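What follows is a single structure, written as structure tokens, with notes after it.
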Amino acid sequence: MQSVLSSRDIYKGLLTVKGLICRGPCNCVICFLIQFFNSSTASLCLFVFSSSGDSCCNPLSMGYIKKMIEQEIPGVYVFSVMIGKNIVEDTENGFFSDVNEQVSMVCNQLALDPKLKGGYNAMGFSQGAQFLRAVAQRCASPPMKNLISVGGQHQGVYGLPRCPGESSKICDMIREALNKEAYLGWFQKHLVQAQYWHDPLNDDLYKKYSRFLADINQERAVNETYKKNLQQLEKFVMVKFLQDSVVDPVDTEWFGFLKTGQAKETETLQESVLYKEDRLGLAAMDKAGKLVFLATEGDHLQFKEEWFKANLLPYLH
């Protein structure tokens, strides 16, 4: 008979293997946090923040995108933040850390940089997108001008359909951990992916115990500051990958999700209670033309440089 791991065993296992997850760019459990902040004032600025299988300084992923933006926008100011004391810690913190603490750390660094004083543009890849949105909602100064979400999961995820790194046990361990105990304290505090796990079959548990996603999505109460700050954006751009086999459900990339109480039918942002009650100000932003929904062919984060330049770079100028 196959042995069954307890939630505590799973958690210990995750901590044991955390230093062995990645051996190269995007060769890891979930490449969900490759994020950077582009800043735009009278002189252009770029704020870089990476994690989850990537680091601030990887020349084949974050470094490549940074270089491309610098070439396309001459004179752009670049600041890259490292979450941790070194590149190893920076990478690990994309899987094993408190997202709320990461957001606070970024807010502090943004506030202390005099070059960002007049405001900045922000672009988040995959899970980095919802973390950036938290920055916009929680930290009004310096002001975020445009937020570009590339494959972000704004209503969270419910499943890991194609978890990278299938040859190791880490994917199975994370799946089991999330399915069983996603809303327990130590997972919500230490496992990044648990902090945006959204279980439509256990909506009450999600709303009560989700420390990050339920908070920024106004599930428990309406924080008027969050709503006001988000509506200060000039544009909120959301990119969906039409053949995405990593994010489940893919509708979350456009702020849609599964209907509550089941796990098959989905609803759009416009059909959701969040929109109809305008708990976050998204309906008002939509009517004002501030929401932009883009779609591209390809799997998760698979896009051509030409498409990136033509469709996303205009929002960074």
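These figures come from a predicted structure and were not determined experimentally.
- The aromatic rings of Phe131 and Phe212 stand perpendicular to each other, their planes meeting at an angle above 60°, with 30° marking the opposite boundary.
- In this pair, His300 and Phe241 present their aromatic rings perpendicular. The plane angle is above 60°, beyond the 30 to 60° band.
- A pairwise comparison of heavy atoms in Leu132 and Ala122 identifies CD2-CB, 3.9 Å as the closest pair.
- Pairs engaging residues 246-290 under the ring pair (Phe, Tyr, Trp, His ring centres under 6.0 Å) rule: His154-Phe255, His198-Phe257, Trp254-Phe293 [sequence neighbours left out].
- Judged by distance alone, with hydrogens and angles left aside, the side-chain atoms of Lys290 form a donor-acceptor pair with the main-chain N or O of Gln231 at under 3.5 Å.
- With values rounded to the nearest 0.5 angstrom, Lys235 atom NZ is found 14.5 Å from Lys145 atom NZ.
- The CE atom of Met238 lies 12.0 Å from the CD1 atom of Ile148; values are rounded to the nearest 0.5 Å.
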**OP:** Show the numbers, then the answer: is there a side-chain contact (heavy atoms from CB on, under 4.5 Å) between Leu294 and Thr296?
**Re:** CA-CA 7 Å; Leu294 300 178; Thr296 182; over 6 Å; no
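- Taking 4.0 Å as the cut-off between side-chain N and carboxylate O, Lys304 and Glu306 do not count as a salt-bridged pair.
- With values rounded to the nearest 0.5 angstrom, Leu242 atom CG is found 11.0 Å from Asp299 atom CG.
- Note that the CG atom of Leu282 and the OG atom of Ser272 stand 8.0 Å from one another [nearest 0.5 Å].
- Each of Gln127, Gln193, Gln130 was scored for a side-chain hydrogen bond (donor to acceptor under 3.5 Å, both in side chains) with Gln153, with one residue passing: Gln130.
- Taking a cutoff of 4.0 Å between a charged side-chain nitrogen and a carboxylate oxygen, Lys240 and Asp244 do not qualify as a salt bridge.
- The nearest pair of heavy atoms linking Gln195 to Leu191 is NE2-O, 3.2 Å.
- Residues Arg133 and Met144 are not in side-chain contact: their nearest non-hydrogen atoms beyond the backbone lie 4.5 Å or more apart.
- Tracing side-chain contacts under 4.5 Å through hydrophobic residues (I, L, V, M, F, W, Y), one reaches Val239 starting from Met68; they form part of the same cluster.
- When hydrophobic clusters are built by joining Ile, Leu, Val, Met, Phe, Trp and Tyr residues whose side-chain heavy atoms come closer than 4.5 Å, directly or via intermediates, Leu269 is grouped together with Tyr196.
- Here the NZ-CG distance, from Lys309 to Leu316, works out to 13.0 Å after rounding to the nearest 0.5 Å.
- Looking only at atom types and distance, the side chain of Arg138 has a donor-acceptor partner in the side chain of Asn100 under 3.5 Å away.
- Atom-to-atom distance recorded for Leu230:CG and Gln218:CD is 9.0 Å, nearest 0.5 angstrom.
- Scanning both residues, Thr252 and Pro249, for their nearest heavy atoms gives CG2-O, 2.9 Å.
- At most 12 non-hydrogen atoms from other residues, nucleotides or ligands lie less than 6.0 angstrom from OH of Tyr209.
- Counting only heavy atoms from C-beta outward, the side chains of Asn311 and Val237 never approach each other to under 4.5 Å.
- Nearest heavy-atom pair across Ser149 and Phe236 is CB-CE1, 4.2 Å.
- Here the side chains of Gln155 and Asp251 are not in contact, with every heavy-atom distance at 4.5 Å or above.
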